[in-house]
Amino acid sequence: MGEHRGGSRFGKIQNSWPFVKLTISDDRVAMRTMLQDVEIKRPYIEAIIIRRSFLNHRFIFIHNDPAIKKEIEFWSFSPQPVADDLRSHGYPVSEESR
């Protein structure tokens, strides 16, 4: 199981770094803040796209779980360890082409 600290967006709610804990396991990806928890189970994850922004990298979770918000992102200043951890657990991670 891997754990990383960063920021996030759950729908319209944004949480700044370092208040989000991303936990990666074989069967799910979970993000936790002091006020909110979001969990996406593996069967619902279609893709994870890394988008580079001005200050950080955003991991955009494309999923089909109707029980959670459609816009789920995790932000990191150190994207490589997060991407490597996701890939080591078998999740489909790709970088956005510009």
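All values reported here derive from a predicted model rather than from experimental measurement. Counting from 1, the numbers follow the sequence of the chain as shown.
Summarising the geometry, atom CD belonging to Glu3 is positioned 4.5 Å from atom OG1 belonging to Thr23; distances are rounded to the nearest 0.5 Å. Residue Ile24 holds its CD1 atom at 8.0 Å from CZ of Phe74, rounded to the nearest 0.5 Å. Considering CZ of Phe10 and CD1 of Ile68, their distance stands at 9.5 Å, rounded to 0.5 Å. In this structure, CZ on Phe19 lies 11.5 Å from OG on Ser8, to the nearest 0.5 angstrom. To the nearest 0.5 Å, atoms CD1 (Ile50) and OG (Ser94) are separated by 7.5 Å.
In this structure, Arg42 is positioned above the aromatic face of Tyr91, its NZ or CZ under 6.0 Å from the six-membered ring centre and within 45° of the axis.
Nearest heavy-atom pair, Ser76 versus Asn56, reported as atom, atom and distance to 0.1 Å: O-CB, 3.4 Å. Looking at every heavy atom in both residues, Met31 comes nearest to Glu73 through SD-O, 3.8 Å. Nearest heavy-atom pair across Tyr44 and Pro66 is CE2-CD, 4.3 Å.
Criterion: ILVMFWY side-chain heavy atoms under 4.5 Å apart, direct or through other members. Under it, Ile40 and Ile48 are part of a common hydrophobic cluster. Residues Val29 and Val20 share a hydrophobic cluster, clusters being chains of Ile/Leu/Val/Met/Phe/Trp/Tyr side chains in contact below 4.5 Å. Ile49 and Val93 fall into different hydrophobic clusters, where Ile, Leu, Val, Met, Phe, Trp and Tyr side chains are chained together by heavy-atom contacts under 4.5 Å.
Put simply, the side chain of Phe59 reaches to within 4.5 Å of the side chain of Leu86, judged on heavy atoms. His4 has its side chain out of reach of Lys21: every pair of non-hydrogen atoms, C-beta onward, lies at least 4.5 Å apart.
Contacts of Ser25 classified as side-chain hydrogen bond (donor to acceptor under 3.5 Å, both in side chains), with partners at least two apart in sequence or in another chain: Asp27. Scanning for salt bridge (Lys or Arg N to Asp or Glu O under 4.0 Å) contacts around Arg28 gives Glu39, with sequence neighbours left out.
Using a distance-only test at 3.5 Å, with no hydrogens or angles considered, a donor-acceptor pair links the side chain of His89 to the main chain of Asp85. The closest donor-acceptor contact from the side chain of Lys70 to the backbone of His63 lies under 3.5 Å.
Here Glu71 does not pair with Arg9 in a salt bridge; the nearest charged N to carboxylate O distance is not below 4.0 Å.
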